[in-house]
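Presented below is the structure to which this report refers.
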Amino acid sequence: MLFQQSEIDLIHSARAGDRAAFADLLRPEYRPAFRLAYGLLQDVDEAEDAVQEAAFAAWRRIGNLREGSSLRPWFLGIVANQCRSVKRGRWWSVDKTEPPEREAPTLDLAASIDLRRALRRIAHDERLVLVLRYYLDMPYEEIATTLGISPKAARTRVERAIHRLKPIMQVQGAAL
Amino acid sequence: MDERALFDRFHDALDIEPRSGAYERMRHALTSNAVALRTARPPFQMRFSKMGLRTAAALTAAALAIALIAAFLAAHSHPTGSVPAQTGHNVAAYRAMITADYKAMDASTSNHCGTIDDSGCAAAIQTVNAALQKWVNDLEAFANTPTQFAALDTTLRAHLKVVISDQNAAIAFQKSGNAAGFTLAMQHAFYQRAWVDPASFTIEGTYQTVATSFRDAIARAKVVVVGCLGNAPGPDALPCNHLANYDTCEGARAVACEGYVEGVETQIESFLIGMAQNPAPPTSAADYAQLQADLAKADAGLLAIHDALLGNDPAQVNSAETAFLAPLEAADRDLATI
């Protein structure tokens, strides 16, 4: 309760033009935002850049944050949009090579590489729901709030994305 | 594979923590005005090979041809001449045009013009301005803009044009060695990228939901418009209230006024996005369209204030503030009746 009150105070200060208050507001959101960006972009530098640019976009749009609503889904929605812009730019770059594979922290290195490759081959919106669900561990209700859709639609999108991912994994010789 | 296994698989494949100091770097950028202006979505980031540019041009031409054919078919599919403004084909053609022009604009950008000393700035601006001008031409040539996007279309054209004029002004300021003018022009041009993206994505139908219903879209506009024109503006309405009360914008105050202008530009864009995402019921459609048209006029007034600030012309700033205030008062009346 104390934390919620503090967040409300910070939102009021940020809306009144206090950049430091806005930065404080984003402190607890940085980690999930970075993980979302990394899950979508699979590049640490690009993920950090995307979160920073999303923070600027959020600052300009702080007035869009509804009274009493939580900051996290709103900010993650902006991060997701920012990551989509990064991917759009990359789409045009015909000779850009895929980023080098990061060493996975588990023994099943090949399976991790397969999953990351498969994620790069599906559409942004499909990748987004999968990262929100299975990497950020979000319940469907929170995914729904982030995307501005119903929980039922969120569940359907996740199921469709899994359905899309499976055959790609199979072509690569892996299973999901 | 069950849900638990999927969680494990994704975590194994992706688990990573932010690097040490990452948040602090972002905080510094957020709280430092100078850095903020530079890093807030640099619009000219060159990342394309010549082959990439040729491919982009070919794909753009193909997409545009498809869009034009679709637009032609949509405009001529009703022999009576009364073409509904919002046929499925028309919306699809309009969206295809927006996507093609957005991509062409994105492909034309580079990493120039961060400082007045950049010798490659003028050439970079000519490249991106050509793409922007083509976008403007396409919007102006498009027949039967879908009704739901009419106001966004009007404002998008205006904002694309202002980027062109800002960037041309920046070239002139660079030639004359006017660093303050160069910074003001490029600041607004940089900011416009953050304006153009949400508008484009909204038209494409992929932007996040801003308002949940027609009533919600109206309520959100009301908070700022009523607050702006009243005696006790809330925090959201303060930038607008400064402009509506003819705050002094001379000398060092010009930068503050520019900040108010950009803040209100963002607010009006958000209202228009929320309204585009939530069409009105038929009984309110005319009033809703009028409200959006008045907000678009207020936005044009904001761009006029910016132009006057750029021209360092206090009398013109006052007259532009009137051009902003009058349609805002009209929007206030629209909101009272809708």
Side-chain angles (χ1 to χ4, degrees), chain A residues 12 15-17 19-20 22-23 26-27 30-31 34-35 38-39 42 44 48 51-53 55-57 59-61 63-64 77-78 80-81 84-85 88-96 102 104-106 108 111-116 119 125 130-131 133-135 137 147-149 162 175-176, chain B residues 1 3 6-19 22-23 25-33 36 39-41 45 47-49 51-53 55-56 59 102-103 106-107 109 191 194 197-198 201 206-210 212 220 223-224 234-236 238-239 262-263 266-267 270:
Chain A
H12 281 161
R15 282 181 160 176
R19 281 172 182 250
F22 183 66
L26 291 188
R27 185 188 295 274
Y30 189 85
R31 182 174 179 270
F34 170 80
R35 287 162 67 87
Y38 180 77
Q42 297 184 28
V44 173
E48 283 186 6
V51 174
Q52 182 165 311
E53 291 190 11
F56 283 117
W59 168 249
R60 293 190 195 98
R61 293 170 187 277
N64 284 355
I78 295 173
N81 266 317
R84 180 178 53 184
S85 299
R88 275 175 181 237
R90 188 185 285 179
W91 184 77
W92 283 100
S93 183
V94 292
D95 55 1
K96 183 174 171 102
R102 185 178 56 88
T106 68
D108 197 356
S112 294
I113 291 172
D114 285 339
L115 178 57
R116 293 209 298 273
L119 282 171
D125 289 345
L130 291 177
V131 168
R133 175 67 180 157
Y134 296 114
Y135 183 39
D137 305 336
L147 301 180
I149 57 178
I162 285 289
L176 188 67
Chain B
M1 182 173 272
E3 283 266 292
L6 280 167
F7 283 110
D8 292 342
R9 192 75 176 269
F10 272 75
H11 279 271
D12 284 348
L14 297 169
D15 248 0
I16 192 169
E17 293 299 323
R19 289 186 292 207
Y23 166 77
R25 284 192 292 279
M26 184 191 78
R27 183 188 172 85
H28 174 73
L30 267 176
T31 52
S32 160
N33 277 329
T39 55
R41 180 63 92 93
Q45 197 157 38
R47 54 196 172 212
F48 309 102
S49 62
M51 178 60 78
L53 287 171
T55 307
L59 288 171
Y102 178 90
K103 285 179 177 170
D106 198 32
T109 59
Y191 164 72
D197 280 7
F201 299 161
T206 56
Y207 193 62
Q208 67 198 74
T209 304
V210 166
T212 54
R220 294 166 62 74
V223 169
V224 171
D236 289 351
L238 275 175
E262 290 176 7
T266 302
Q267 287 176 321
S270 294

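Quick note on labels: first sequence line is chain A, next is B, and so on, each numbered from 1. Side chains are part of it too, since the values below use all heavy atoms of this structure and drop only hydrogens, waters and symmetry mates.
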Within 45° cone of B:F201 ring axis and under 6.0 Å: A:R84 NZ or CZ: yes
Checking heavy atoms, do the side chain of A:A20, its backbone, both or neither come under 4.5 Å from chain B? both
I need the minimum non-hydrogen distance between B:T206 and A:N81, along with the two atoms involved. O-OD1, 4.1 Å
Partners of A:R27 by side-chain contact (heavy atoms from CB on, under 4.5 Å), sequence neighbours excluded? A:D24, B:Y23, B:E24, B:R27
For B:R25 and A:Q52, the nearest pair of non-hydrogen atoms, with its separation, is O-OE1, 4.1 Å
Would you name the heavy atoms of A:L115 and B:R9 that are closest together and state the gap between them? CD2-O, 3.5 Å
Residue part contacting chain A, namely of B:P198, when any heavy atom lies under 4.5 Å: side chain
A:R31 side chain vs B:P18 backbone, donor-acceptor pair below 3.5 Å: no
Between chain B and each of A:F34, A:Y30, A:W59, count heavy-atom pairs under 4.5 Å; write down the option with the most. A:Y30
When rounded to the nearest 0.5 Å, the distance separating CG of A:D137 from CZ of B:F7 is 5.5 Å
Sub-4.5 Å side-chain heavy-atom contact between A:R61 and B:Q267: no
Picking from A:V131, A:I149, A:D125, A:L119, which has the most non-hydrogen pairs under 4.5 angstrom with chain B? A:L119
Would you compute the distance between atom CZ of A:R35 and atom CG of B:L14 and round it to the nearest 0.5 angstrom? 9.0 Å
Considering non-hydrogen atoms only, spot the tightest contact between B:I16 and A:Y135 and give its length. N-OH, 3.3 Å
Residues which pass salt bridge (charged side-chain N to carboxylate O under 4.0 Å, His left out) with A:R133, listed by chain and number, not counting sequence neighbours: B:E3
Nearest non-hydrogen partners of B:T209 and A:L147, listed with the distance: OG1-O, 4.2 Å
